[in-house]
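The next block holds one structure in the form of structure tokens; read it before the comments.
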Amino acid sequence: MSTLGLESLLFFLFLELSSLTLFSGLAFLTLSAFLIPNTTEGSSSPSSLLNAFFFFSLYLVAIGQSGHKPCVQAFGADQFDEKDSQERSDRSSFFNWWYLSMSAGIGLAILVVVYIQEYFSWALGFGIPCVFMVISLVLFLLGRRCYRYSKRRQEEETNPFTRIGRVFFVAFKNQSLSSSELCKVELEGNPSQDSPEESSFLNKALLIPIDGDMTCKSRDVGDATALIRLIPVWLATLAYAIPCAQSLTFFTKQGVTMERTIFPGVKIPPASLQILIGISIVIFVPIYDRVLVPIARLITKDPCGLTMLRRIGVGMVLSALTMVIAALVESKRLETAKEHGLIDQPKATVPMSIWWLVPQYLLLGLADVHTIVGLQEFFYSQVPTELRSIGLALYLSVLGVGSLLSSLLISLIDLATGGNAGDSWFNSNLNRAHLDYFYWLLAVLSAVGVIMLWFISRSYIYRQVDQL
């Protein structure tokens with residue numbers, strides 16, 4: 001284990017700052033929840049100042065989480081020695097169990113915290129995560145002397161953004177030079193490098209002009225090339241993120257229209273079915289990590305069982321299957337509504353059990369185990385060493401951009417199909433809408449994403465351990 005150097009100290013300070021920002025946001029939310037009931041007595045609405053304070057708290061939570069989440073996960077993965085085959089395999093398991101822990105925590109929040117907020121106190125509901133945030137931060141800091149801290153190599157003293165930016169600058173500059181103005185290639189012990197005539201655009205950064213102007217190291221070019229290779233994968237996996245966004249919106253809207261009675265007088269809230277995604281993850285992760293991975297190792301000879309892109313691809317196939325099942329279930333719901341004359345009665349309960357939605361929730365959880373965890377490990381391991389927290393942020397950006405694209409797609413389809421006044425796929429009366437058409441479209445998009453990823457994986461070159 002190495003000592004805490006300047007770089008690790010700065011990382012620690014940033015992580016602590018992000019944690020404190022997240023804690024402050026939760027603390028302010030708790031305080032605002034205490035203050036709001038006092039201002040609403042006598043049917044008076046909260047003041048504009050209190051409203052501003054509440055939303056400031058929410059934004060503070062979002063800002064803190066944006067730094068805390070990728071950094072703490074990258075730090076955890078850094079505790080494994082990448083050059084040791086056993087630890088490299090254990091690191092893959094780390095991502096599995098990390099996601100299981102996150103899902104279990106979210107599941108408890110849905111069951112316990114939301115219940116407390118609904119039936120006891122919003123302030124207490126916000127206060128519980130705040131207390132647990134303090135406990136987790138204290139426990140993390142107590143282990144400070146036991147952690148591994150990565151040391152930067154001497155050749156990495158330059159800022160990584162500067163190094164990689166220089167590769168593009170020099171490559172573009174050398175691209176305009178003729179072969180007579182280039183005297184040699186800077187191989188740096190890399191004999192497999194192509195000749196000047198056959199080199200790619202970025203490899204032009206290795207060529208040294210006759211006038212002795214700047215050149216780049218082969219490691220820098222390799223880092224820049226690795227980042228470029230991530231772009232097609234990032235684009236292909238957007239086809240996964242768009243269907244994922246539906247579990248929080250249209251799946252719930254479908255459940256509202258269906259029969260939700262569990263026992264006489266007891267109805268299940270439609271949004272609570274989201275807990276099934278977490279349950280599916282909690283059950284399947286141990287099976288995947290302890291049963292399926294060892295079997296896959298015997299077949300593929302890969303220490304992780306499946307390569308990262310194959311794992312992502314399996315999840316995308318499951319996502320496409322989820323959309324197919326969702327489309328079939330919605331078609332059945334619409335048919336049932338038509339049979340009972342409920343087409344023009346949007347508030348009427350369609351005599352079809354909400355448990356019909358269970359398979360699509362469970363399948364979405366299985367898809368997450370493959371694709372989400374695969375994306376985490378992929379973007380962590382395939383970026384330059386100094387940018388691993390940025391790599392995990394890239395995985396989060398897939399989900400964020402996918403949600404935005406989902407909203408854009410819905411708006412365009414709604415506009416094209418006539419809106420509420422016409423036969424819109426998203427008519428406010430779900431019995432006249434056609435969510436089944438939308439799900440079929442998402443299934444096709446997912447299939448296109450799978451095909452794109454398959455072509456990408458055939459030629460993708462993973463970063464080697466000696467490159468890291």
Can you tell me how far CG of L435 sits from CG of N427, rounded to the nearest 0.5 angstrom? 10.0 Å

Determine all donor-acceptor pairs shorter than 3.5 Å in which one atom belongs to a side chain in residues 346-366; sequence neighbours excluded.
| from | atom 1 | to | atom 2 | distance (Å) |
| --- | --- | --- | --- | --- |
| S353 | OG | W355 | N | 3.1 |

Are any non-hydrogen side-chain atoms of Y99 and D368 less than 4.5 angstrom apart? yes

Minimal heavy-atom distance between S272 and I268, with the atoms involved, is OG-CG1, 3.2 Å

What distance do I372 atom CD1 and C244 atom SG have between them, rounded to the nearest 0.5 Å? 5.5 Å

Nearest heavy-atom neighbours spanning A367 and S319: CB-N, 4.0 Å

Does any N or O in the side chain of T21 come within less than 3.5 Å of the main-chain N or O of L17, such that one atom is a donor and the other an acceptor? yes

Partners meeting side-chain hydrogen bond (donor to acceptor under 3.5 Å, both in side chains) with E377 (sequence neighbours left out): S92

Quick one: list whatever passes ring pair (Phe, Tyr, Trp, His ring centres under 6.0 Å) with W440, sequence neighbours left out. none

Side-chain heavy-atom pair I295, L298 within 4.5 angstrom cut-off: no

If only atom types and distance count, is the side chain of S121 paired as donor or acceptor with the main-chain N or O of L124 below 3.5 Å? yes

Exactly one candidate in F80, F379, Y380 meets ring-ring contact (aromatic ring centres under 6.0 Å, His included) with F95; the answer is Y380

In a table with atom names and distances, give each donor-acceptor pair under 3.5 Å that connects a side chain of residues 450-457 to protein atoms at least two apart or in another chain.
| from | atom 1 | to | atom 2 | distance (Å) |
| --- | --- | --- | --- | --- |
| S457 | OG | L453 | O | 3.2 |
| S457 | OG | W454 | O | 2.8 |

dist D223:CG -> L387:CG (nearest 0.5 Å) comes out at 8.0 Å

With sequence neighbours excluded, tell me which residues meet ring pair (Phe, Tyr, Trp, His ring centres under 6.0 Å) with Y460. F378, Y462

Given the rule in the side-chain contact (heavy atoms from CB on, under 4.5 Å) test, do F250 and I410 qualify, once you have shown the distances and angles that lead to the verdict? CA-CA 11 Å; F250 290 128; I410 290 169; 3.4 Å; yes

For F54, check ring pair (Phe, Tyr, Trp, His ring centres under 6.0 Å) against everything at least two apart and list the hits. none

Verify whether the ring centers belonging to F75 and F140 lie closer than 6.0 Å. yes

Please list all pairs passing the ring pair (Phe, Tyr, Trp, His ring centres under 6.0 Å) test where one or both residues lie in residues 265-284, with sequence neighbours left out. F284-H370

Can you check whether I390 reaches V383 side chain to side chain, under 4.5 Å on heavy atoms? no

List for me each residue that meets side-chain hydrogen bond (donor to acceptor under 3.5 Å, both in side chains) alongside S397, sequence neighbours excluded, and say none if there are none. W234

With a 4.5 Å limit on heavy-atom distance, are the side chains of F34 and L29 in contact? no

Within this structure, what is the OG-CZ distance for the pair S136 and F132, rounded to the nearest 0.5 Å? 9.5 Å

Measuring from atom CG of L334 to atom CD1 of I343, what distance do you get when rounded to the nearest 0.5 angstrom? 7.0 Å

Is the closest side-chain heavy-atom distance between R388 and L392 below 4.5 Å? no

Do any N or O atoms from the side chain of S103 and from the backbone of I281 form a donor-acceptor pair under 3.5 angstrom? no

Does Q345 form a side-chain contact (heavy atoms from CB on, under 4.5 Å) with N429? I'd like the steps, not just the answer. CA-CA 8 Å; Q345 300 180 43; N429 177 3; over 6 Å; no

Pairing residues for D289 by the side-chain hydrogen bond (donor to acceptor under 3.5 Å, both in side chains) criterion, not counting sequence neighbours: S93, N96, W97

Please list all pairs passing the side-chain hydrogen bond (donor to acceptor under 3.5 Å, both in side chains) test where one or both residues lie in residues 52-74, with sequence neighbours left out. Q73-Q376

Going by atom type alone, with no hydrogens or angles, which donor-acceptor pairs under 3.5 Å involve a side-chain atom of residues 251-259 and a protein atom two or more places apart or on another chain?
| from | atom 1 | to | atom 2 | distance (Å) |
| --- | --- | --- | --- | --- |
| T252 | OG1 | Q274 | NE2 | 3.4 |
| Q254 | OE1 | Y439 | OH | 2.7 |
| Q254 | NE2 | E330 | OE1 | 2.8 |
| T257 | OG1 | Q254 | O | 2.8 |
| T257 | OG1 | R333 | NH1 | 3.1 |
| E259 | OE2 | T261 | N | 3.1 |
| E259 | OE2 | T261 | OG1 | 2.5 |

Donor-acceptor pair, side chain of T371 and main chain of I312, under 3.5 angstrom: yes

Tightest non-hydrogen contact, residues S381 and R91, listed as CB-NH2, 3.6 Å

Quick one: does I228's side chain get under 4.5 Å of F168's, heavy atoms only? yes

Ignoring hydrogens, what is the shortest heavy-atom contact between P70 and L396? Give both atom names and the distance. CD-CD1, 4.2 Å

Could you pull out the closest heavy-atom pair between G449 and M316, with the gap in Å? C-CE, 3.5 Å

D220 side-chain N/O to I164 backbone N/O, donor-acceptor pair under 3.5 Å: no

Is the closest side-chain heavy-atom distance between Y288 and V293 below 4.5 Å? yes

side-chain contact (heavy atoms from CB on, under 4.5 Å) assessment of L20 paired with L137: CA-CA 9 Å; L20 289 173; L137 181 58; 4.1 Å; yes

Output the distance between atom OG (S407) and atom CG (L412), rounded to the nearest 0.5 Å. 11.0 Å

Side-chain heavy atoms of V233 within contact of L230, under 4.5 Å: no

When the ring centroid of F438 is compared with that of W425, is the distance short of 6.0 Å? no

The complete set of ring pair (Phe, Tyr, Trp, His ring centres under 6.0 Å) pairs with one or both residues in residues 298-339, sequence neighbours excluded, reads none

Dump the intermediate steps for side-chain contact (heavy atoms from CB on, under 4.5 Å) on D344 and R432, then the final yes or no. CA-CA 8 Å; D344 294 314; R432 283 199 171 275; 2.6 Å; yes

Taking all atoms of both residues into account, what is the closest heavy-atom pair of V61 and G25, and its distance? CG2-C, 3.5 Å

